[in-house]
Amino acid sequence: MKKVFLSGFASLMLIVSCKKEDKQVEKSLEQQKIEYQVRQLDIEKQKLAIEKEKMEFEKTKMKDSIAKAAEDKKVAAQNTAPKATRTKKHRSSSSSSANNNTGYASTGISNSGASSSSGTAANTQKKGMSSAAKGTIIGTVGGAAAGAIISKKNPGLGAVVGGVVGGATGYTIGRSEDRKSGRVQKK
């Protein structure tokens, strides 16, 4: 009888202890779920903060570019009038010296017209990187980053595809900006 009583008591203790462990496991799972959700909320808050910083940066960048464009227009307006008078004097003297060297008897009007068309093309060409080149670079880098982030299974392929699409888009947008600014003539 003692053996039956002891075995029954042992099995009862085993059952009670298993139920307590199950309750503790359930509580810990619920706690883990809550902790995971809290972490996800923190991550979302950080993402929002980053987006706000990006928007502020873009706003300041836009303001700076507008201010620089206005300043460039002022400088260009101031520089165009004096350059035009200096280049005309220079062209007429070079065309008359060309007439003297070749020995042809022609009017100075036709020669100065020919030299002015080639001279203005050289003066209007801007130095530095074109908008098309800048757009291609920015589009390629941005597209590659976006492609790598979006394509979770194969980020390398996503980066390549995103880079190609972003580069093409950036080139197209930059080329249209070059046409608007007069760097590239419309065909």
Side-chain angles (χ1 to χ4, degrees), residues 1-77 125-187:
M1 180 77 176
K2 282 185 179 181
K3 290 182 181 178
V4 172
F5 181 68
L6 285 175
S7 64
F9 183 72
S11 63
L12 182 64
M13 294 302 274
L14 183 65
I15 291 173
V16 169
S17 66
C18 288
K19 287 185 178 180
K20 286 183 180 178
E21 289 177 10
D22 288 342
K23 289 180 182 178
Q24 289 176 353
V25 169
E26 286 178 12
K27 287 182 181 178
S28 67
L29 284 175
E30 289 176 15
Q31 288 174 349
Q32 288 176 354
K33 287 179 183 177
I34 291 171
E35 289 174 0
Y36 177 76
Q37 290 174 350
V38 168
R39 279 187 248 138
Q40 289 295 326
L41 287 173
D42 288 339
I43 290 171
E44 290 299 321
K45 287 178 184 177
Q46 290 174 354
K47 286 181 181 178
L48 286 173
I50 290 171
E51 288 297 320
K52 286 180 182 178
E53 288 178 14
K54 283 183 183 178
M55 291 175 70
E56 290 297 322
F57 176 74
E58 291 296 326
K59 284 181 184 177
T60 57
K61 187 177 173 183
M62 183 68 74
K63 289 178 184 177
D64 290 343
S65 66
I66 290 172
K68 185 174 180 171
E71 183 180 316
D72 289 343
K73 285 182 182 178
K74 288 179 185 177
V75 169
Q125 184 178 10
K126 297 179 181 177
K127 293 184 180 180
M129 206 185 295
S130 68
S131 294
K134 289 178 189 175
T136 303
I137 292 169
I138 293 170
T140 301
V141 172
I149 292 170
I150 292 170
S151 176
K152 293 182 180 179
K153 291 184 179 178
N154 194 351
L157 179 64
V160 170
V161 171
V164 169
V165 172
T169 304
Y171 174 78
T172 305
I173 293 169
R175 183 74 172 183
S176 68
E177 289 296 318
D178 282 341
R179 286 186 183 137
K180 288 178 186 175
S181 68
R183 185 176 183 117
V184 177
Q185 294 182 1
K186 297 178 183 178
K187 290 187 178 182

Check residues 135-146 and write down every donor-acceptor pair under 3.5 Å in which the side-chain atom is one partner and the other belongs to a residue at least two apart or another chain.
{"from": "Thr136", "atom 1": "OG1", "to": "Ala132", "atom 2": "O", "distance (Å)": "2.7"}
{"from": "Thr140", "atom 1": "OG1", "to": "Thr136", "atom 2": "O", "distance (Å)": "2.7"}

For Met129 versus Arg183, what's the shortest heavy-atom pair and its separation?
O-NH1, 4.2 Å

With sequence neighbours excluded, residues passing salt bridge (Lys or Arg N to Asp or Glu O under 4.0 Å) with Lys45
none

So OG of Ser130 and CZ of Arg175: to nearest 0.5 Å the spacing works out to 8.0 Å

Donor-acceptor under 3.5 Å (Ser181 side chain, Glu177 main chain)
yes

Taking side-chain hydrogen bond (donor to acceptor under 3.5 Å, both in side chains) as the test, write out the residues that go with Gln40, two or more places apart.
Tyr36

Salt bridge (Lys or Arg N to Asp or Glu O under 4.0 Å) against Glu71, all qualifying residues, sequence neighbours excluded
none

Those residues that, when tested against Val4, pass side-chain contact (heavy atoms from CB on, under 4.5 Å) (two or more places apart):
none

By side-chain hydrogen bond (donor to acceptor under 3.5 Å, both in side chains), Ser131 pairs with (sequence neighbours left out) Asp178

Table please: side-chain donor-acceptor pairs of residues 59-70 below 3.5 Å, with sequence neighbours left out.
{"from": "Thr60", "atom 1": "OG1", "to": "Glu56", "atom 2": "O", "distance (Å)": "3.3"}
{"from": "Thr60", "atom 1": "OG1", "to": "Phe57", "atom 2": "O", "distance (Å)": "2.8"}
{"from": "Ser65", "atom 1": "OG", "to": "Lys61", "atom 2": "O", "distance (Å)": "3.3"}
{"from": "Ser65", "atom 1": "OG", "to": "Met62", "atom 2": "O", "distance (Å)": "2.8"}

By salt bridge (Lys or Arg N to Asp or Glu O under 4.0 Å), Glu44 pairs with (sequence neighbours left out) Lys47

Side-chain donor-acceptor pairs of residues 152-172 under 3.5 Å, sequence neighbours excluded:
{"from": "Thr169", "atom 1": "OG1", "to": "Val165", "atom 2": "O", "distance (Å)": "2.8"}
{"from": "Thr172", "atom 1": "OG1", "to": "Ala168", "atom 2": "O", "distance (Å)": "2.8"}

